[in-house]
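The structure appears below as structure tokens.
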Amino acid sequence: MADWTLRESLATTSGTVRWDRLGDPGGDPVVLLHGTPFSSYVWHETAPALAAAGHHVHVWDMAGYGTSDMYPDQDVSLGAQGRIFTELLAHWGLDEPSVVAHDFGGCVALRAHLLHGARYRRLALVDPVALEPWGSPFFRLVGEHSHVFEQLPAALHEALVREYVTSASHVGLRPAALDALVRPWTGERGQAAFYRQIAQADQSYTDEIQPLYPTIDLPVTVCWGTEDTWIPFAKGQELAALIPGARLVPVPESGHLVPLDAPARLTSEGLTFLGA
């Protein structure tokens, strides 16, 4: 989809978040969660395909990401996102949707389920941030000195973000896709928001729920790019072993950005998962 626009919004304690729905309102509900430093755009190929297959697909930009609000002192932590996702599910009137979550979205979905009582029919985790330790040396460096990075010249900042986002892909991103992922982080507001979300990233949010993974009692699929250099495939094996009955699906020739590196394979696996 060349034109990826979220038409709806919801006011939350962390500002207004943008969201949208695709497909038949009578279809089985599916919610897609993105990660960092991305947006719902990562699903721009998967979401229409799932909708065309008869599902009612829900997408959203997390607070402080994509087209959702960005402002100083905004709480964009994983704790806040878990609460917001629970609010969204109530706003949408979804009692037990199927959920597909990538990267930070995995932690958000897990926190909403394990801490806030969100119920899912089934859960697919795609290269999620879920197990300690996480955060690359670059990520930790930026988090510890975010106030310095916020002052980078705009062109240097954009080059940094482009290189960082590019490194999440194994096969390489198309120019239009790279532009769409980088664009929200440009300009004075976007630049500050980029470093804000990194500064608020804290492993304590996964440490809090990691001991609860063996209590998960629903169908879970763990998809993982075999060439993921951000979070190695071994973490997928570890996570699948912790969740009772979880199925591990390796995605060959894909890096961390599985939704864009292998959209057809992910859609195929998603349709199999959703039809289970």
Side-chain angles (χ1 to χ4, degrees), residues 1 4 22 30-53 55 57-62 65-66 98-110 120 122-131 134-136 139 162-178 180-182 206 219-241 243 246-276:
M1 292 179 68
W4 181 257
L22 298 79
V30 181
V31 184
L32 307 180
L33 287 82
H34 70 83
T36 184
F38 314 117
S39 68
S40 61
Y41 181 83
V42 298
W43 303 113
H44 77 280
E45 293 183 74
T46 308
L50 294 178
H55 298 284
V57 183
H58 298 63
V59 293
W60 64 296
D61 284 346
M62 291 193 292
Y65 291 77
S98 297
V99 172
V100 181
H102 176 242
D103 185 77
F104 262 26
C107 178
V108 172
L110 286 165
Y120 311 143
R122 52 176 66 87
L123 173 64
L125 299 167
V126 184
D127 297 63
V129 173
L131 298 173
W134 54 265
S136 66
F139 198 84
R162 282 183 173 275
E163 181 61 29
Y164 184 49
V165 170
T166 298
S167 72
S169 170
H170 176 67
V171 301
L173 295 171
R174 294 190 297 273
L178 180 58
L181 293 176
V182 171
T206 53
V220 174
T221 291
V222 177
C223 293
W224 216 284
T226 59
E227 307 305 317
D228 189 340
T229 59
W230 282 23
I231 312 177
F233 178 70
K235 282 294 180 184
Q237 296 172 307
E238 182 182 348
L239 179 62
I243 300 174
R247 182 174 67 108
L248 177 63
V249 177
V251 184
E253 298 302 314
S254 180
H256 187 68
L257 261 176
V258 174
L260 294 180
D261 274 4
R265 173 66 185 274
L266 187 59
T267 299
S268 175
E269 290 292 343
L271 291 173
T272 299
F273 172 69
L274 294 170

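Not measured: the values here are computed from a predicted model.
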Apply side chain to side chain donor-acceptor pair (under 3.5 Å) to His55 and list each qualifying residue two or more places apart in sequence or on a separate chain. none
Kindly write out the residues that satisfy ring-ring contact (aromatic ring centres under 6.0 Å, His included) with Tyr164, not counting sequence neighbours, or none if the list is empty. Phe138, Trp230
Could you go step by step and tell me if Leu131 and Thr206 meet the side chain to side chain contact (heavy atoms under 4.5 Å, CB included) rule? CA-CA 6 Å; Leu131 298 173; Thr206 53; over 6 Å; no
Audit row: Phe38, Leu257, side chain to side chain contact (heavy atoms under 4.5 Å, CB included) steps and yes/no: CA-CA 10 Å; Phe38 314 117; Leu257 261 176; 3.9 Å; yes
Atom CG in Leu50, atom CG in Leu22: separation rounded to 0.5 Å? 9.5 Å
Contacts table for residues 248-255: side-chain donor-acceptor under 3.5 angstrom, sequence neighbours left out:
from   : atom 1 : to     : atom 2 : distance (Å)
Glu253 : OE1    : His170 : NE2    : 3.4

When every non-hydrogen atom of Ala109 is compared with those of Val99, the smallest separation belongs to CB-CG1, 4.0 Å
By ring-ring contact (aromatic ring centres under 6.0 Å, His included) - contacts of His34 (at least two apart): Tyr65
For Val57 and Ala47 the tightest heavy-atom approach is CG2-O, 3.8 Å
Relative to each other, are the rings of His256 and His102 parallel, tilted or perpendicular (30° and 60° limits)? tilted
For a side chain to side chain contact (heavy atoms under 4.5 Å, CB included) check, start with the C-alpha distance between Trp60 and Leu33, then their side-chain angles and the critical distance, and finish with the verdict. CA-CA 7 Å; Trp60 64 296; Leu33 287 82; 3.6 Å; yes
CG on Leu178 to OG1 on Thr166, rounded to 0.5 Å: 4.5 Å
Interatomic spacing from CH2 in Trp43 to CG in Leu32 - rounded to 0.5 Å: 5.5 Å
Locate the shortest heavy-atom distance separating Phe104 from Val129; write the atom from each residue and the value. CD1-CG2, 3.5 Å
Rounded to the nearest 0.5 Å, how far does OG1 of Thr36 lie from CZ of Phe139? 5.5 Å
For residues 259-269, which residue pairs pass the salt bridge (charged side-chain N to carboxylate O under 4.0 Å, His left out) check, not counting sequence neighbours? Arg247-Glu269, Arg265-Glu269
Of all the heavy-atom pairs spanning Val59 and Ser40, show the shortest one and how long it is. CB-CB, 4.3 Å
What do the steps show when you test Ile231 against Trp224 for side chain to side chain contact (heavy atoms under 4.5 Å, CB included), and what is the final call? CA-CA 9 Å; Ile231 312 177; Trp224 216 284; 3.4 Å; yes
What heavy-atom pair brings Gly105 and Ala101 nearest, and what distance separates the two atoms? O-CB, 3.3 Å
For Arg122 and Phe273, indicate whether the former's side chain and the latter's backbone hold a donor-acceptor pair under 3.5 Å. yes
Result of checking Val126, Thr46, Leu266 against Val100 for side-chain contact (heavy atoms from CB on, under 4.5 Å): Val126
For Ala176 and Tyr41, the nearest pair of non-hydrogen atoms, with its separation, is O-OH, 4.1 Å
Taking only residues two or more places apart in sequence, or in another chain, which ones meet Glu238 in a side chain to side chain donor-acceptor pair (under 3.5 Å)? Lys235
Within the distance-only criterion (no hydrogens, no angle test), does the side chain of Thr272 pair as donor or acceptor with the backbone N or O of Ser268 below 3.5 angstrom? yes
Spacing of CG belonging to Leu125 relative to CG belonging to Asp103, to within rounding of 0.5 Å: 11.5 Å
